[in-house]
Amino acid sequence: MRSLAFSISFALVMMAGQVFAQVQDFDSIQLYTLKNKAGMTVKVTNYGAIITSIQVPDKAGKLGDVVLGYDSVEGYMNAVDKPYFGAVVGRYGNRIAKGKFELDGQTYTLSVNNGPNSLHGGIIGFDKVVWKADYRQDKNEIELTYHAKDKEEGYPGNLNVSVTYQLKDDNELLITYKATTDKATPVNITQHTYFNLKGEGSGDILGHELMLNADKYTPVDETLIPTGELPAVKGTPFDFTKAKAIGKDIGEKNEQLTFGGGYDHNWVLNRSEVDKGKMILAAKVVEPTTGRVLEVRTTESGVQFYCGNFLDGRLTGKSGKPYVHRGGFCLETQHYPDSPNQKNFPSTILKPGQEYHTQTSFRFGVEK
Ligand code: BGC
């Protein structure tokens with residue numbers, strides 16, 4: 001299904017000549033809608049593999065769009081301060097210190113785009129390229145593929161990536177990421193959707209109750225690069241092992257909260273040897289006024305919980321309402337930030353002959 005809004009805005013972008021060099025093959029930007037038997041819908045575009053909309057019911061059965069974003073491609077292309085709304089980020093989601101790492105005796109230099117560091121794959125990461133789409137009606141899924149070239153944004157190796165979004169009838173959106181390479185390279189691909197279970201544009205998310213299945217986290221320096229330590233969350237504002245409102249401890253005097261302007265950290269998921277590589281519950285979020293619930297499951301070892309600290313009301317989304325400070329939160333399942341430079345973190349290096357394969361699911365429900 002091709003969206004008119006997306007086609008028209010594509011033409012406008014062409015005329016205005018904006019960010020033209022960032023995308024190839026404009027003609028193939030499309031918008032796809034997945035719908036399940038329960039009436040839930042998920043919209044996905046092959047520009048940046050972006051989820052543009054997720055409509056789910058509240059406790060009264062009323063559908064609402066619970067993700068931040070735009071209704072045109074140019075919205076995504078031109079957003080100030082690059083929020084990465086709804087996008088797939090890679091080849092390395094999150095930060096790599098100073099945009100440098102060593103691998104097999106060679107130093108690689110990446111595009112630096114976030115202070116001194118490289119963030120979310122560099123200047124033209126996976127969120128800013130056009131993917132090939134294959135919509136499979138029988139499985140209610142869409143597979144997006146992209147070929148990242150050797151040296152693209154400074155990374156070694158030709159990388160073939162695929163991301164599949166499958167919508168199930170029990171309101172679960174299952175995301176499968178796969179990749180292969182012809183040279184050893186770091187890979188850490190994730191999804192950057194901002195959720196607001198009250199509905200996008202409905203104020204901040206501080207009243208949402210969050211549980212994170214994590215006893216430890218990775219504290220950071222002032223440029224948000226992990227220090228390498230893995231301290232316990234117990235007794236700190238980072239303790240979400242029992243559900244609490246996101247806003248409960250966010251105002252505490254804590255150096256870590258100052259660095260991120262709030263929560264913008266990676267939590268170490270409680271994963272035993274037995275469930276290595278299996279899907280485990282990473283997070284559960286309940287929004288008390290609408291009753292909407294989101295459960296996040298993943299095969300990954302960490303989750304970056306970012307609560308929209310850099311949103312400040314300047315961006316106006318698809319319904320014309322401003323996205324206020326902390327107007328959405330992300331739960332980016334992934335390996336830990338800066339792993340290529342951190343000897344004690346699980347490896348993110350993919351080698352020729354290996355297959356990168358991770359899965360994450362977002363499952364929606366209601367609690368009355
Ligand atoms: C990062 C934030 C960043 C945001 C948008 C998150 O994944 O952790 O620091 O501001 O993405 O770029």
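Quantities reported herein were computed from a predicted structural model and do not represent experimental measurements. In what follows, every heavy atom counts, from backbone to side chain, and hydrogens, waters and symmetry copies are set aside. Just follow the structure's listing: the first ligand is 1, and inside any ligand the first atom is 1.
Nearest protein heavy-atom contact of atom 11 (O) of ligand 1 is His192 NE2, 2.8 Å. Looking only at protein heavy atoms, the nearest one to atom 10 (O) of ligand 1 is Phe310 CD1, 3.0 Å. Residue, atom and distance of the protein heavy atom nearest to atom 3 (C) of ligand 1 are Arg95 NH2, 4.1 Å. In terms of protein heavy-atom proximity, atom 2 (C) of ligand 1 is closest to Asp264 OD2, 3.1 Å.
Separation of the His120 and Tyr84 ring centroids falls under the 6.0 Å cut-off. Ring-centre distance between His325 and Tyr323: not below the 6.0 Å cut-off.
If you look at Glu332 next to ligand 1, the close heavy atoms, those under 4.0 Å, all belong to the side chain. Contact annotation: for Tyr194 versus ligand 1, heavy atoms closer than 4.0 Å belong to the side chain alone.
Proximity of Phe259 to ligand 1 is not established, as no heavy-atom distance is less than 4.0 Å.
Near Lys82, the atoms of ligand 1 lying under 4.0 angstrom from a non-hydrogen atom of the residue are 12 (O). Atoms of ligand 1 found under 4.0 Å from any heavy atom of Tyr84 (numbered from 1 in listed order, with element): 5 (C), 12 (O).
Using the six-membered ring where Trp is involved, Phe126 and Trp131 have ring planes that are perpendicular, over 60° apart on the 30 and 60° scheme. The aromatic rings of Tyr263 and Phe238 lie perpendicular to each other, with more than 60° between the two planes, well past the 30° mark. Ring geometry for Tyr336 versus Phe345: interplanar angle over 60°, hence perpendicular rather than tilted (30 to 60°). Using cut-offs of 30° and 60° for the angle between ring planes, the Phe195 and Phe329 rings count as tilted.
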Problem set entry | Audit row: Thr176, Gln166, side chain to side chain donor-acceptor pair (under 3.5 Å) steps and yes/no | CA-CA 8 Å; Thr176 305; Gln166 183 183 44; over 6 Å; no
